[in-house]
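Have a look at the structure below before the remarks.
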Amino acid sequence: MNSIYMFREKWFIFALISMFIVTLIDLTKKFILDKKMINPTELIIYSAMVLGIIGFFHFLTDKKCRPVGKMNKNLFFILLLIGLLAYLFNIAFTKSIFLAPEVSLTGVIISLNIIFVYMFSSIFFEKSPKFNFDVLFGLILILSGVNIISRKF
């Protein structure tokens with residue numbers, strides 16, 4: 001497959017959209033925290049409440065979503081764990097961008113997850129490519145470069 005066509009695939013388009021959305025979220029959070037319009041705890045609570053309301057309405061309107069009672073119990077507990085981890089991430093991330101001297105530093109640290117996702121998915125997930133040290137080294141070089149650039153600004 002020609003690598004130029006990758007840019008037309010749905011996953012890539014959604015990844016770009018996600019990148020722009022998370023950038024907007026991060027910058028908006030930093031702006032309102034810097035202006036002391038809200039404290040970090042309130043930001044976490046209110047944004048989670050809005051997300052919950054939107055999620056509830058999405059649940060009510062999406063006919064493909066099965067009721068909780070028809071869901072496998074193990075899957076339900078995994079989804080609870082994901083929700084809890086997402087909330088804990090929101091707490092840690094919001095506190096970090098509030099306390100960090102530069103918001104991009106928080107982003108650099110979080111971007112290290114690429115290395116862990118690559119390592120664990122390539123080892124434990126059947127549909128992921130096999131582990132390759134060249135790819136790992138390339139990821140480390142990219143993240144190191146991003147870190148150097150962010151420190152220069």
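Quick note: numbers below take in every heavy atom, side chains included, and nothing from hydrogens, waters or symmetry partners. Just so it is clear, the structure is predicted and the values come from calculations on it, not from any experiment.
Cluster annotation: Leu79 and Leu60 are assigned to distinct hydrophobic clusters (Ile/Leu/Val/Met/Phe/Trp/Tyr, side-chain heavy-atom contacts under 4.5 Å, transitive). Neither Ile13 nor Leu24 shares a network with the other; the hydrophobic side chains, linked directly or stepwise wherever heavy atoms of I, L, V, M, F, W or Y lie under 4.5 Å apart, form separate groups for each. Neither Ile97 nor Ile25 shares a network with the other; the hydrophobic side chains, linked directly or stepwise wherever heavy atoms of I, L, V, M, F, W or Y lie under 4.5 Å apart, form separate groups for each. Residues Ile53 and Phe59 fall within the same hydrophobic cluster, defined by Ile, Leu, Val, Met, Phe, Trp and Tyr side chains chained together at heavy-atom separations under 4.5 Å. In the hydrophobic clustering of this structure, Leu51 does not group with Leu88; members are Ile, Leu, Val, Met, Phe, Trp, Tyr whose side-chain heavy atoms approach within less than 4.5 Å, directly or through other members.
A donor-acceptor pair under 3.5 Å is absent between the side-chain atoms of Thr94 and the main chain of Ile91, judged by distance alone. With hydrogens and angles disregarded, no donor-acceptor distance shorter than 3.5 Å links the side chain of Ser96 to the backbone of Phe93.
Contact of the Tyr118 side chain with the Asn132 side chain is registered, since non-hydrogen atoms from C-beta on lie closer than 4.5 Å. Leu27 places none of its side-chain heavy atoms less than 4.5 Å from the side chain of Phe31. No side-chain heavy atom of Met119 sits less than 4.5 Å from a side-chain heavy atom of Leu139. Residues Asp26 and Val22 are in side-chain contact: their nearest non-hydrogen atoms beyond the backbone lie under 4.5 Å apart.
If you take CD1 on Ile21 and CZ on Phe14, they are separated by 10.0 Å, rounding to the nearest 0.5 Å. Between the CH2 atom in Trp11 and the OG atom in Ser18 there is a gap of 11.0 Å [rounded to 0.5 Å]. To the nearest 0.5 Å, atoms CG (Leu85) and CG (Asn90) are separated by 12.5 Å. Note that OG of Ser111 is 7.5 Å distant from CD1 of Ile109, once rounded to the nearest 0.5 Å.
Contact between Ser128 and Ser121 at its shortest, heavy atoms only, is CB-O, 3.3 Å.
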Enumerate donor-acceptor pairs with a distance under 3.5 Å from any side-chain N or O in residues 67-74 to protein atoms, sequence neighbours excluded.
from  : atom 1 : to    : atom 2 : distance (Å)
Asn72 : OD1    : Asn74 : N      : 2.6
Asn72 : OD1    : Leu75 : N      : 3.2

Show which side-chain atoms of residues 36-48 pair as donor or acceptor with protein atoms under 3.5 Å away, not counting sequence neighbours.
from  : atom 1 : to    : atom 2 : distance (Å)
Asn39 : OD1    : Thr41 : N      : 3.0
Asn39 : OD1    : Glu42 : N      : 2.8
Asn39 : ND2    : Glu42 : OE1    : 3.4
Glu42 : OE1    : Asn39 : N      : 3.4
Ser47 : OG     : Leu43 : O      : 2.7
Ser47 : OG     : Ile44 : O      : 3.2

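Residues Phe131 and Phe133 bring their aromatic ring centres within 6.0 Å.
For OH of Tyr87, the number of neighbouring non-hydrogen atoms (other residues, nucleotides, ligands) closer than 6.0 Å is greater than 12.
Under the rule for a salt bridge (Lys or Arg N to Asp or Glu O under 4.0 Å), the partners of Lys30 that lie at least two apart in sequence or sit in another chain are Asp34.
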- Task: Would you check, one step at a time, whether the test side-chain contact (heavy atoms from CB on, under 4.5 Å) holds for Leu80 with Phe76?
- Result: CA-CA 6 Å; Leu80 282 176; Phe76 179 73; 3.4 Å; yes

